[in-house]
Amino acid sequence: RHREMEKISEAAEKQCTREIDEQAPEQWRKMTASNAMCDYYERLSRDDKAVVDRWEERRSTLIGDMTRRMIDAKMQSNVSLIRSSTPFLRLTVKTLQNLPSTSATVEDDDEC
């Protein structure tokens with residue numbers, strides 16, 4: 001189950017990253033395609049730098065949200081990945097005990 005979940009997570013993250021990067025601003029795509037990203041960034045205008053910076057901030061959030069939704073959808077469709085729960089049963093146990101000085105008494109409740 002754990003290995004299957006890892007595979008699903010990795011595949012979902014790769015797919016989501018690809019899809020999110022397709023929505024990226026042109027300046028960011030050109031920068032990431034560049035051999036010298038830092039140099040490319042330094043040559044951008046102030047407005048273009050702001051666009052790239054905003055995208056960098058949003059990108060990880062978008063990828064995380066999309067990945068979580070995709071993993072949830074795959075888990076719902078793959079029944080073998082859903083953990084089954086065992087119903088919990090609470091019992092109250094009481095004991096009757098003969099004590100030397102008294103007749104039958106009820107002891108304190110013990111929960112199991």
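Only a predicted model underlies this, so the values are computations on that prediction, with no experimental measurement involved.
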Handout entry: Heavy-atom closest pair, residues Glu13 and Thr67
Key = CA-OG1, 3.8 Å
Handout entry: Test item: Asp48 and Trp28 side chains (from C-beta on) under 4.5 Å apart, heavy atoms
Key = no
Problem - From Lys30 atom NZ to Glu26 atom CD, the distance as rounded to the nearest 0.5 Å - result: 5.0 Å
Problem - Distance in Å, Lys7 NZ paired with Lys74 NZ, rounded so as to fall on 0.5 Å steps - result: 13.0 Å
Handout entry: Contact check, side chains of Met66 and Thr17, non-hydrogen atoms, under 4.5 Å
Key = no
Exercise for the section: Could you grab the distance from atom CD1 of Ile71 to atom CD of Glu10, nearest 0.5 Å is fine? Expected result: 10.0 Å
Problem - Co-membership, hydrophobic cluster, residues Val51 and Ile20, 4.5 Å side-chain - result: no
Problem - side chain to side chain donor-acceptor pair (under 3.5 Å) between Glu19 and Gln15, intermediate numbers included - result: CA-CA 6 Å; Glu19 289 179 22; Gln15 182 179 348; 3.1 Å; yes
Problem - Val52 vs Pro25 side-chain heavy atoms within contact, under 4.5 Å - result: no
Fill in the blank from the handout: Distance col, row Ser9:OG vs Lys14:NZ, nearest 0.5 angstrom, shows 12.0 Å
Handout entry: Point-to-point distance, once rounded to the nearest 0.5 Å, from SG of Cys16 to CZ of Arg68
Key = 10.5 Å
Problem - For the student: nearest non-hydrogen atoms of Asp21 and Arg29, plus distance - result: O-CD, 3.9 Å
Practice task
Would you check if Ile8 and Met75 make a side-chain contact, meaning some heavy-atom pair closer than 4.5 Å?
Solution key: no
Practice task
Kindly indicate whether a cation-pi arrangement holds for Lys49 with Tyr41, taking the cut-offs as under 6.0 Å to the six-membered ring centre and within 45° of the axis.
Solution key: yes
Practice task
Evaluate the side-chain proximity of Met31 to Glu56: yes if any heavy-atom separation is below 4.5 Å, no if none is.
Solution key: yes
Problem - Joint cluster assignment, Trp55 & Met37, ILVMFWY side-chain distance < 4.5 Å - result: yes
